[in-house]
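Just below is one structure, and these are the notes that go with it.
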Amino acid sequence: MSEARKAIFARLNQRKISTKKHDFQAPLATKHLNKTEAKKLLIEKLQENRAEVYSIPSTSLTDTLTTIATEKGYKTWLFGKNLSGAKTASKALESVSNEISVIQYDSDYETLREVLFHQVDVSVTSVKAAIAETGTLLLIPDKNEPRMMSLIPPVHIAILKQSDIVTSFQQVADNPPWQGKNMPTNILFISSPSKTADIQQTIAYGAHGPKELIVLIVN
Amino acid sequence: MKTKFSKRIELALADSQLRMNFRGAMDFLRNKRQLAFNDVEEWQALRKKGAAIRQDAIQRLPELLTQLEHQCQQNGIQVHWAEDGNEANKIILNIAQQHNAKQVIKGKSMATEEIELNDFLEKHEIDCIESDMGEYIVQLDNEKPSHIIMPAIHKNTAQITDLFEKKLGISTPSGDVDALIGVGRRILRERFEHADIGISGVNFAIADTGTLCLVENEGNGRLSTTAPPVHIALMGIEKVIPNIQVLPTLQRLLTRSATGQHITSYLNLISSPRKKGELDGPKEVHLVLLDNGRANISQDEKLQSTLACIRCGACMNHCPVYTRIGGHAYGSTYPGPIGQVVMPQIKGFKQEGELLDACSLNGACGEACPVEIDLPELIRTLRHRKQESSSTCWSKEVFIWFVWTKIHLHPWLYRQATLLMAVFRTLNLNYPKGWTRTRTMPKAAKMSLHRQVRERSKTKKKKENE
């Protein structure tokens, strides 16, 4: 045990501890939105924060992606392994034009680094849940969908199931989608493209992370 | 004799560009916060809960820190303890040297400013570059941040355009903020790609799961903690919270108070280094727990609440003194009201005590604080302590208040004093020089109010008698 630790704890334990109890767990008044309201609010908040949002039936996921590819001219696509329908979508994308290529994030970052930083135009990930109140996407990266997917490429397309929308962050914290104390390596709450207001309070998008965030809400 | 602080204040007040930059920024941040907390009842309930969470955590510091340490270690995060800045710097240097690191990329962290990590690493030939846009700008101009949330708030776009041209040799169209950010992005991405170590601060650390929470908009915090093979996080020991259930309250209070956002672009929760089979993230994560005076602060029941601070910056945004003199005039890591409270406690009255003078006791900071820290009361207590600890027996201030108290406690003395003031009213006493240099000293009335009322009732009675 380090000397510093001992000294710090000695000082902390010397304190006269007041016995006053602080009621820090009292719940705050919350509103619960029904599914339709929650979805509406989520879209509104995401758009407020400069995300592009499309609500689509699950059958047209591939079509939507190929439309985005054609309209926006994204060439190099990055997929993970979590997304159901990724294989179909990859094939469809590659058949749109021979300029489009699809990369799988299936080797480690050190190997893929250069490709990630310099080649990938857009990456597609799944979303664990979404919070309507603040327009927030919850991502839990894992070996199938690594952390960098929603960070390095200039465009991030996030695919959310409509049934995974909840009202508040508190709801997620009270019933987290992970197992008790077994925390995932990284949990991300994403609410907009990367941005900054550090220069004279003027908002600029694409500070360090994605410049664009596209959310597809699948029924 | 002029103290250095008052000289700095004088210079800041004379700089009209600086004053305009701060005025604009403070108005902007205050309005945004106001809009975010437009529901007064909700704000009060939230604030009350936030205060309870923080006070409880400060009360249970030993327990929570033990739990945090244990849980982090379980998760594979290496935990280090540092009594002061010097120790923390050495721990970080040691880790860097073990990895033969030459390039460090840093996410925004006030704790690393507090221990002056950049200078320390540079002395040991490790290049430490700031990646938060504001911090990067400030570092480029060899300055320190002037605000804890918006480090480059003292500069306007034109000044930053000039800076980039001068220091980087890159010219951008005038007034084009997007172009400036684009330049920063390009240069810093290159650094993210090749850095040996990433260093970050911590906004909150969750004890029962061993989780580090980072709140940010730019993504540089995520990059600093994901791209390099080693991540070192530095946090003050007061930043620990019991569990994730309290995080939503604190997050809401923090981002709304700081920038008026309901949530930031990214909330990044890190609980371990790269696990087996995972494809990215640092292979080593270190957590350095910094005391630097905090345990001492927690021993003092009257000053303990200093540690409840969540570093949102609302107190400086609402401080009329900060708004006018800006962050650099304070010459300390933390400026504004929270700086006036923290700095003298960390560094002692001798070094930082004069900061306490820059307060008009208007109370705005206390009203703005999202976790109900009674900053005005803390400033008053510290002023009192400073006086008690000072070696000179009677300062000017103590003498004046002593006389004032005596006069106001004794009616006879009071009458004599007002009489004297009336008699000598034409004497030009330029006593408060800072005030009279640009203003005329008001003159006492010919007759005190008491006397005037007495005279008037006398004449009234006379008239009635007639």
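Numbered from 1 within each chain, the chains take letters A, B, ... in sequence-line order. Atoms considered below: every heavy atom in the structure, side chains included; atoms not considered: hydrogens, waters and symmetry mates.
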Would you mind reporting whether B/Pro282 and B/Thr225 have side-chain heavy atoms less than 4.5 Å apart? no
Looking only at A/Arg15, A/Gln200, A/Lys143, the option with the highest number of non-hydrogen pairs under 4.5 Å against chain B is A/Arg15
Sort by residue number and list every member of residues 113-132 of chain A having a non-hydrogen atom under 4.5 Å from chain B. A/Arg113, A/Glu114, A/Phe117, A/His118
Test item: B/Asp208 side-chain N/O and B/Asn243 main-chain N/O as donor-acceptor pair under 3.5 Å: no
Using non-hydrogen atoms and a 4.5 Å limit, figure out which bit of A/Ser150 sits close to chain B: side chain, backbone, both or neither. both
If you count heavy-atom pairs within less than 4.5 Å of chain B, which of A/Phe9, A/Tyr109, A/Phe189 leads? A/Phe189
Atom group of A/Thr134 that falls short of 4.5 Å from chain B, counting heavy atoms: both
Honestly, the part of A/Asn186 sitting under 4.5 Å from a heavy atom of chain B is both
Run the numbers on B/Trp81 and B/Val79 for side chain to side chain contact (heavy atoms under 4.5 Å, CB included), then give the verdict. CA-CA 7 Å; B/Trp81 298 84; B/Val79 181; 4.0 Å; yes
Greatest number of non-hydrogen atom pairs under 4.5 angstrom with chain A, of B/Glu301, B/Gln55, B/Lys48, falls to B/Gln55
Per-residue contacts, residues 165-172 of chain A versus chain B, heavy atoms under 4.5 Å: A/Phe169, A/Gln170
In terms of heavy-atom pairs under 4.5 Å, which option from B/Gln245, B/Arg222, B/Glu278, B/Met133 contacts chain A the most? B/Arg222
May I ask you to name which of A/Ala7, A/Ala10, A/Gly206 has the most heavy-atom pairs under 4.5 Å with chain B? A/Gly206
Which heavy atom of B/Ile237 sits nearest to which heavy atom of B/Leu61, and what is that distance? O-CD2, 3.4 Å
Looking at CE of A/Met183 and OG of B/Ser272, how far apart are the two atoms once the value is rounded to the nearest 0.5 Å? 10.0 Å
Select one option (side chain, backbone, both, neither) describing which atoms of A/Ala197 are under 4.5 Å from chain B's heavy atoms. both
Could you tell me which of B/Ala51, B/Ala25, B/Pro273 has the largest number of non-hydrogen atom pairs under 4.5 Å with chain A? B/Ala25
Could you check, using the six-membered ring where one of them is a Trp, whether B/Phe192 and A/His208 have ring centers closer than 6.0 angstrom? yes
Minimal non-hydrogen separation, B/Arg294 against B/Gly236, with atom names: NE-CA, 3.6 Å
